[in-house]
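Predicted, not measured: the structure shown is a model, and the values here were computed from it. Below, read A as the first sequence line, B as the second, and so on, with proteins coming before strands; counting in each chain starts at 1. FYI, side chains are in, hydrogens and waters are out, and symmetry mates aren't considered; it's all heavy atoms of this structure.
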There are 2 protein chains.
Amino acid sequence: MTTSRPGRPRLPTLEDVARSAGVSRATVSRVVNGTRNVDPEIQKVVQEAVAQTGYVPNRAARTLVTRRTDSVALVFSVPEHPADDPFMARVFSDAFFGRIVGGLLTVLRPRGVHPVLMLADSDAVRQELVDNLRQQHMDGVVLVSIAPDDPLPALLSEAGLPAVLFGRPTGPVPISFVDIAQRTGVDLAVEHLVSLGRTAIATIAGPHDSPAGRDRLAGFRDAMAGHGQADAPSVAGDFTQEGGEAAMRTLLSQHPDTDGVFVANDLMAQGALLALNELGRRVPEDIAVVGFDDSSAATASRPLLTTVRQPVEDMAAEMARLLLALIDDPSQQIRSVIFKTTLVRRRSA
Amino acid sequence: MTTSRPGRPRLPTLEDVARSAGVSRATVSRVVNGTRNVDPEIQKVVQEAVAQTGYVPNRAARTLVTRRTDSVALVFSVPEHPADDPFMARVFSDAFFGRIVGGLLTVLRPRGVHPVLMLADSDAVRQELVDNLRQQHMDGVVLVSIAPDDPLPALLSEAGLPAVLFGRPTGPVPISFVDIAQRTGVDLAVEHLVSLGRTAIATIAGPHDSPAGRDRLAGFRDAMAGHGQADAPSVAGDFTQEGGEAAMRTLLSQHPDTDGVFVANDLMAQGALLALNELGRRVPEDIAVVGFDDSSAATASRPLLTTVRQPVEDMAAEMARLLLALIDDPSQQIRSVIFKTTLVRRRSA
DNA sequence: CCACGACGGGAGAGCGCTCTCCCGTCCCGT
DNA sequence: ACGGGACGGGAGAGCGCTCTCCCGTCGTGG
């Protein structure tokens, strides 16, 4: 156990600044934190002393008494997976992650709060995470879960820890979250296909164990029922590009006359486009394709993908706001905020 | 300023556990941290008391005395950019980010160290970051910089803060880093094209203000010179897909006979492939394409991209190891570790 | 002219932990 | 049988900060 860092000299403390400024520790603290009124004259003296000594407040000491760490956990909860598997890469691939971080930072940074990155990929880790929070290492949690039936929301809720989810929880867990109006988003896609004159519309759905997958499929069914086609074809995919490719082939082999398809996410849509190209189907002439998410896959594919955009940055920013409010007052009611989606028209439909 | 969290009861402390176990605070600390020998009998009693009280050590208090936070900053340093610009999305897009995080975690997690995510997108933020470190909020820095002439490496180095870079610094800054043998990697690509019988080989280079861009172009020139073609054509791109697309068109308009091209990164290569497809050139029959990185773009493009793979996970893991060593002993010499690349043969060459 | 409140500043008690000292006990070797 | 060292445990200081409490000094109103 190292006692003290060799080579690194002792940093100036409040005490040092106080001595140098000829005031008490308390006064320096007041100036530094801007609490209460301090004589402008003294304020100046203290500020000079701070600058001169190069004082920077020690976070741990402050945390110890305020019980605030000014950092929150940014947790990605994913299914258990072998170490060498590219799953994790997939999780973070796509701009999704960046958009989340970007949105969070617009709110967190001005408040001086830092996100601590955590990957919850096993139940052991999930438990450890809850311990970490109880340890007061972090004030709260922003949780993005893509694990089927993730126990984490319930764990957090039970522990009474401030937390906000991206997307509604799988079960009836009392916890704050942000989400999009999934069905309305799907409507956008379906109505667009219909307005294009497509009459044989099908869907490539997401996995049934994800809320988004389920909601989007249900939305699709409802929307199609509204057009008198309650039995529109659907093939389930797994939200990956390869899955989309395979699903497209399956779909066409079962329903070769399909002329419009709603794909539950862009990555699968990209795969579907690849498959269509190889099968010699022209997009959008022979078959129109609409994706969901407006991820980077949408602009990486050819033709450019028409898709339903979710305002991820705004959602992330709202998550941060909800979380900070919850941290300020943990007795606060849980809340959920639902965002609207928009249709981004490109070439594929 | 909130005094104490309402609703949340006081957590058990060492003192509580000690009382409950009938031993001293020091003994409980020893058991919890596994330092020194403690009578197995007492150990058991203490452990039971810990479990019974639900004790979890308070991180801040521990940090205050050990001066270790057990968290490191994971900094992405990027050029300044307008708030609404998708730049950030681009930064984090692609699996690159995930591979870095994955690699880091394999080393950090077993040691109980957490990465704190930071985005350094302006000089103000960079300065703030250095302050944060001096504040002891984090023990060290893992820096991934894609900002041209980034001042951060120098700042960190001057401040004597433990830091490790991904990729060598732009200037002659004394700082630890991991990198790949860029030239050897480029050799792999060029030799492959040559072995395929290509005789009119060109390159789409990266920006000149990035070390990787420069190194790869220099490597290309050298390799081609080795084949008696010191003046092989090159067009500069900006590492984006659109840039690659444009560069490919430029290249073909200037050198229509090109039958092999080395592209300095996969994203540009993906763009190049798109352009070639639109221009009616068959890949690899008419023109062979080799990329660099083996990013997700390599498998998202058609035909699948032959590329030079950098072992990002291994590099990230090594960064973590270097950093932890540096944190343990800051007086340690700076070190750099260079990794080998491998050629991943797919369809495009 | 005095009482009173507002205000600016200081003193000091901890926050919860680690770690150095120190002390008692036991097991050696001589 | 005795001295010395190894070992296990306790006492207590102190990490650097915030915040409550208290006290002195004003300005103000009766």
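Computed from coordinates, the Q43(A) CD to dC7(C) P distance equals 15 Å when rounded to whole Å. As rounded to whole Å, 9 Å separates atom C1' of dT18(D) from atom CG of L14(A). When the P atom of dC17(C) is taken as reference, atom CG of L11(B) falls 9 Å away, rounded to whole Å. Look at CD on E15(B): it is 10 Å from P on dC15(C), rounded to the nearest Å. Atom CG in D16(A) sits about 9 Å away from atom P in dG16(D), given to the nearest Å. What separates CZ of R62(A) from P of dC17(D) is a distance of 8 Å, to the nearest Å. For E41(B) and dC7(D), the CD to C1' distance is 17 Å, given to the nearest whole Å. To the nearest angstrom, P of dC17(C) lies 17 Å from CZ of R67(B).
The nucleotide whose nearest atom lies closest to any side-chain atom of P57(A) is, among dG10(D), dC17(D), dG16(C), dC17(D). With dG10(C), dG16(D), dG9(D) as the candidates, the nucleotide lying closest to the side chain of L64(B) is dG16(D). Side-chain proximity of T66(B) to dC15(C), dT18(C), dC15(D): nearest is dT18(C). Nearest nucleotide to the side chain of I42(A), out of dG9(C), dG16(D), dT18(D): dG9(C). When each of dC17(C), dG10(D), dC15(C) is scored by its nearest atom to the side-chain atoms of A61(B), the top-ranked nucleotide is dC17(C).
Contacts between residues 18-25 of chain A and DNA chain C, counted as heavy-atom distances below 4.0 Å, involve V23(A), S24(A), R25(A).
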> Should R126(B) and D150(B) be marked as a salt bridge (charged side-chain N to carboxylate O under 4.0 Å, His left out) after you check the CA-CA gap, both sets of side-chain angles, and the distance that decides it?
Replying inline: CA-CA 10 Å; R126(B) 283 183 252 272; D150(B) 193 347; 3.7 Å; yes

> side-chain contact (heavy atoms from CB on, under 4.5 Å) between L74(B) and M118(B): does it pass, once the steps are laid out?
Replying inline: CA-CA 6 Å; L74(B) 170 53; M118(B) 310 193 75; over 6 Å; no

>> Set out, in order, the CA-CA distance, both residues' side-chain angles and the distance that settles side chain to side chain donor-acceptor pair (under 3.5 Å) for D16(B) and T53(B), then state yes or no.
In response: CA-CA 8 Å; D16(B) 298 324; T53(B) 54; over 6 Å; no

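Using a 4.5 Å heavy-atom threshold, the side chains of D179(A) and F339(A) count as separate. A heavy-atom distance below 4.5 Å is found between the side chains of L324(A) and R111(A). Put simply, the side chain of T13(B) does not reach to within 4.5 Å of the side chain of N58(B), judged on heavy atoms. By the 4.5 Å heavy-atom criterion applied to side chains, L143(A) and S77(A) are counted as neighbours.
Put simply, N58(A) has no side-chain N or O that comes within less than 4.0 Å of OP1 or OP2 on dC15(D). In this model, the phosphate group of dT18(C) is approached by a side-chain N or O of S29(B) to a distance below 4.0 Å at OP1 or OP2.
Scanning for side chain to side chain contact (heavy atoms under 4.5 Å, CB included) contacts around A163(B) gives V141(B), L156(B), I175(B), with sequence neighbours left out.
The existence of a salt bridge linking R30(B) and D39(B) is excluded, since no basic side-chain nitrogen approaches an acidic carboxylate oxygen closer than 4.0 Å.
Checking R30(B) against R59(B), the closest nucleotide of DNA chain C that is more toward the 5' end is the one next to R59(B).
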>> Strictly under 4.0 angstrom, non-hydrogen atoms only: write out the protein contact profile of nucleotides 22-28 of chain C, one letter per nucleotide from the 5' end, B, S or -.
In response: -------

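For the side chain to side chain contact (heavy atoms under 4.5 Å, CB included) criterion with V72(A), the lone passing option out of V116(A), I327(A), L133(A) is I327(A).
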